[in-house]
Amino acid sequence: MRIVTKWSLLLLWMSFILAACQKDNVIQLKAAAYNVEYSKNATATEIGEALKSFDFDVVCFSEAPGGDWTKQVGKALGLPYQVVGKYTTAGHDDKYKTIVSRTPLYDQEEVLMADTLHTATKAKTKINGLEVTIYAVHFPFGWRDQAHIDETTNKISTFVDYLKMRQESDVSVVAGDFNFVPSNSEEKNQYYEMFKTIGMDVSWTALGIDCTKSNTYNAMEPEDQSNGEVIDHIVYNPSKMKVLDGGIIEMQVPLSDHKPVWALLELK
């Protein structure tokens, strides 16, 4: 009986050790994206303080002012590492894509979507030794005429092709203002379908969030709640990561015309 008890205790101890090791080996990334409308309605510090309680690991901003704005928002968030994109979106003043991170960022690159007017700001980081590539984006929106729509389609296709070539080797997260609503039962979106074709998806799918009954744009207009304008996304590869949690951050007093979005990702 005493031998059985010793073996039982040994097995129990080993199970605790194994569970602890497995827990230590879990790699999670809590990511967010926020179009801050060139900080028109709030300072970098105010925006950072509004998001600090979420304890994000990385935040991708679009329409961020230049200068030390990203450094200031990172300081308020407690995220000491940052990169600022080389080119502004559509050539507008103070509309950069930027990234702040808890872990060091390296290998910064500006990925051109056919030209410098629309780009993705790229950087890499390591989480528990695993390299993750982060892209901060602000996609164009084609609306003026067919030529403008075709130009937009070509730019998005160019970027998706760039990602496609790297899906096998890279673990990547693409976050920002995509300017498109994901496909739904009523209508398919060709840009969303491009990502699906290369094995990537928006976090809303795994979270079971109906994007036709929510919005991330027109945050300043309460009457536009649930207008289906969910155009800000966290995009990832479900074969390499799974979504544990996430959502749209509803602020009592909006700090931008967009709402922040976030996702807690676990790397497989």
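Keep in mind that this is a model prediction, so the values were computed, not measured.
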With sequence neighbours excluded, give me every salt bridge (Lys or Arg N to Asp or Glu O under 4.0 Å) pair touching residues 25-51.
Glu37-Lys40
Remaining members of hydrophobic cluster (4.5 Å side-chain criterion), Tyr34
Val36, Ile47, Leu51, Phe54, Phe56, Val59, Phe61, Trp69, Val73, Leu77, Leu79, Val100, Leu244, Ile249, Met251, Leu255, Trp262, Leu264
Quick check for you: to the nearest 0.5 Å, what is the distance between Glu168 atom CD and Asp170 atom CG?
10.5 Å
Pairing residues for Asp245 by the salt bridge (charged side-chain N to carboxylate O under 4.0 Å, His left out) criterion, not counting sequence neighbours
none
Sequence-distant partners of Ser172, side-chain hydrogen bond (donor to acceptor under 3.5 Å, both in side chains), two or more places apart:
Gln167
Can you find a pair of side-chain heavy atoms, one from Thr152 and one from Ile149, that are under 4.5 Å apart?
no
Contacts of type side-chain hydrogen bond (donor to acceptor under 3.5 Å, both in side chains), residue Thr121, not counting sequence neighbours:
Glu110
Please list all pairs meeting salt bridge (Lys or Arg N to Asp or Glu O under 4.0 Å) that have one or both residues in residues 253-268, counting only residues at least two apart or in different chains.
Lys242-Glu266, Glu250-Lys259
Contacts of Thr88 meeting side-chain hydrogen bond (donor to acceptor under 3.5 Å, both in side chains) (sequence neighbours excluded), chain-then-number -> none
Can you pull the ring pair (Phe, Tyr, Trp, His ring centres under 6.0 Å) pairs that have at least one residue in residues 235-261, sequence neighbours excluded?
Tyr217-His258
Ring pair (Phe, Tyr, Trp, His ring centres under 6.0 Å) pairs touching residues 71-99, sequence neighbours excluded, are none
Measure the acute angle between the ring planes of His233 and Phe178, then classify it against the limits of 30° and 60° as parallel, tilted or perpendicular.
tilted
Please list all pairs meeting salt bridge (Lys or Arg N to Asp or Glu O under 4.0 Å) that have one or both residues in residues 134-146, counting only residues at least two apart or in different chains.
none
Salt bridge (charged side-chain N to carboxylate O under 4.0 Å, His left out) test vs Glu109 passes for just one of Lys124, Arg166, Lys122, namely Lys122
What's the separation between atom CD in Glu63 and atom CG in Asp177, rounded to the nearest 0.5 Å?
7.0 Å
Phe159/Tyr135 aromatic ring centres below 6.0 Å
yes
Got a sec, which pairs hit salt bridge (Lys or Arg N to Asp or Glu O under 4.0 Å) with one end in residues 182-209, sequence neighbours left out?
Lys196-Asp201
Do you reckon Tyr192 sits in the same ILVMFWY cluster as Ile231, going by side-chain contacts under 4.5 Å, direct or chained?
no
Answer yes or no: does atom NZ of Lys164 have more than 12 heavy-atom neighbours from other residues, nucleotides or ligands under 6.0 Å?
no
Sequence neighbours left out, what passes side-chain hydrogen bond (donor to acceptor under 3.5 Å, both in side chains) with Asp55? Give chain and number order.
Arg102
